[in-house]
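See below for the structure under consideration.
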Amino acid sequence: MRPWKIALLAIVVFLAGLVALFPASLAVRWFLPEIPGLVLGAAEGSAWNGRVDGVEYNGWNAGNLHWSLNPLGLLLLRADADLRLARTGGEITAEVKAGMGGSVLIENLR
């Protein structure tokens, strides 16, 4: 194998590992847009599979948010995630797809 192929493979593996282990606390602070009235608790886990304990909107306790990102969506330049908002009275689940142009598609909302 040629040295440049080995170097390219090493860079790809390094970047994939960096993205896979990216902390959820940083991802929430850096990538979530500012929404008036939304207060988030502590985030745990990774950007791929994490949770936020305590989601509050305008004083209403919505519960705890859990997410799981689909890595294939990044290859299509969009964010695909399975979301679950859990609280004592039940839970809300949905599949969310967000594109580069700001479009958001919500499917299988339950």
Side-chain angles (χ1 to χ4, degrees):
M1 190 178 267
R2 296 208 164 128
W4 67 269
K5 288 183 180 180
I6 293 172
L8 181 63
L9 180 61
I11 291 170
V12 168
V13 169
F14 173 75
L15 290 176
L18 188 65
V19 169
L21 298 175
F22 195 76
S25 58
L26 287 178
V28 167
R29 274 190 289 179
W30 289 358
F31 302 119
L32 191 68
E34 188 70 30
I35 300 172
L38 182 66
V39 178
L40 300 176
E44 297 178 356
S46 70
W48 295 107
N49 197 356
R51 73 176 199 212
V52 173
D53 291 330
V55 176
E56 204 174 283
Y57 184 69
N58 286 335
W60 175 66
N61 181 12
N64 299 322
L65 177 66
H66 303 259
W67 71 85
S68 177
L69 284 177
N70 179 1
L72 183 60
L74 294 180
L75 295 175
L76 301 172
L77 298 177
R78 67 177 190 224
D80 292 351
D82 293 327
L83 301 179
R84 181 171 55 104
L85 187 64
R87 50 180 302 153
T88 55
E91 68 180 22
I92 299 171
T93 60
E95 296 171 17
V96 178
K97 297 177 181 163
M100 292 287 289
S103 63
V104 176
L105 175 66
I106 299 174
E107 296 178 324
N108 300 323
L109 180 62
R110 288 177 256 146

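Please read all numbers here as calculations on a predicted model, not as lab measurements.
L85 and G63 make their closest contact through CD1-C, 4.2 Å (heavy atoms, listed as atom of the first residue, atom of the second, distance). The two residues A24 and E44 make their nearest non-hydrogen contact at CB-O, 3.4 Å.
Checked options V96, V52, N49, D82; the residue passing with W67 is V52 (criterion: side chain to side chain contact (heavy atoms under 4.5 Å, CB included)).
Without hydrogens or angle criteria, W48 side chain to F22 main chain gives no donor-acceptor distance under 3.5 Å.
Rounding to the nearest 0.5 Å gives a distance of 11.5 Å between CG of N64 and CD of E91. The distance from atom CG of L8 to atom CZ of R2, rounded to the nearest 0.5 Å, is 13.5 Å. Of the inter-residue distances, the one linking I11 atom CD1 with I6 atom CD1 reads 12.0 Å to the nearest 0.5 angstrom.
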Atom pairs and distances, donor-acceptor, side-chain atoms in residues 99-110, under 3.5 Å, two or more places apart:
{"from": "E107", "atom 1": "OE1", "to": "K97", "atom 2": "NZ", "distance (Å)": "3.3"}
{"from": "N108", "atom 1": "ND2", "to": "E95", "atom 2": "OE1", "distance (Å)": "3.3"}
{"from": "N108", "atom 1": "ND2", "to": "E95", "atom 2": "OE2", "distance (Å)": "3.0"}

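Side-chain contact check for L38 versus L40: some heavy-atom pair is nearer than 4.5 Å.
Grouping the Ile, Leu, Val, Met, Phe, Trp and Tyr side chains by contacts below 4.5 angstrom, directly or via other members, places I35 with L65. No continuous path of ILVMFWY side-chain contacts below 4.5 Å connects V39 to V28, so the two sit in separate hydrophobic clusters. Note on V55 and Y57: same hydrophobic cluster, where clusters join Ile, Leu, Val, Met, Phe, Trp and Tyr whose side-chain heavy atoms are under 4.5 Å apart, directly or indirectly.
For residues 52-77, the salt bridge (charged side-chain N to carboxylate O under 4.0 Å, His left out) pairs, not counting sequence neighbours, are R51-D53.
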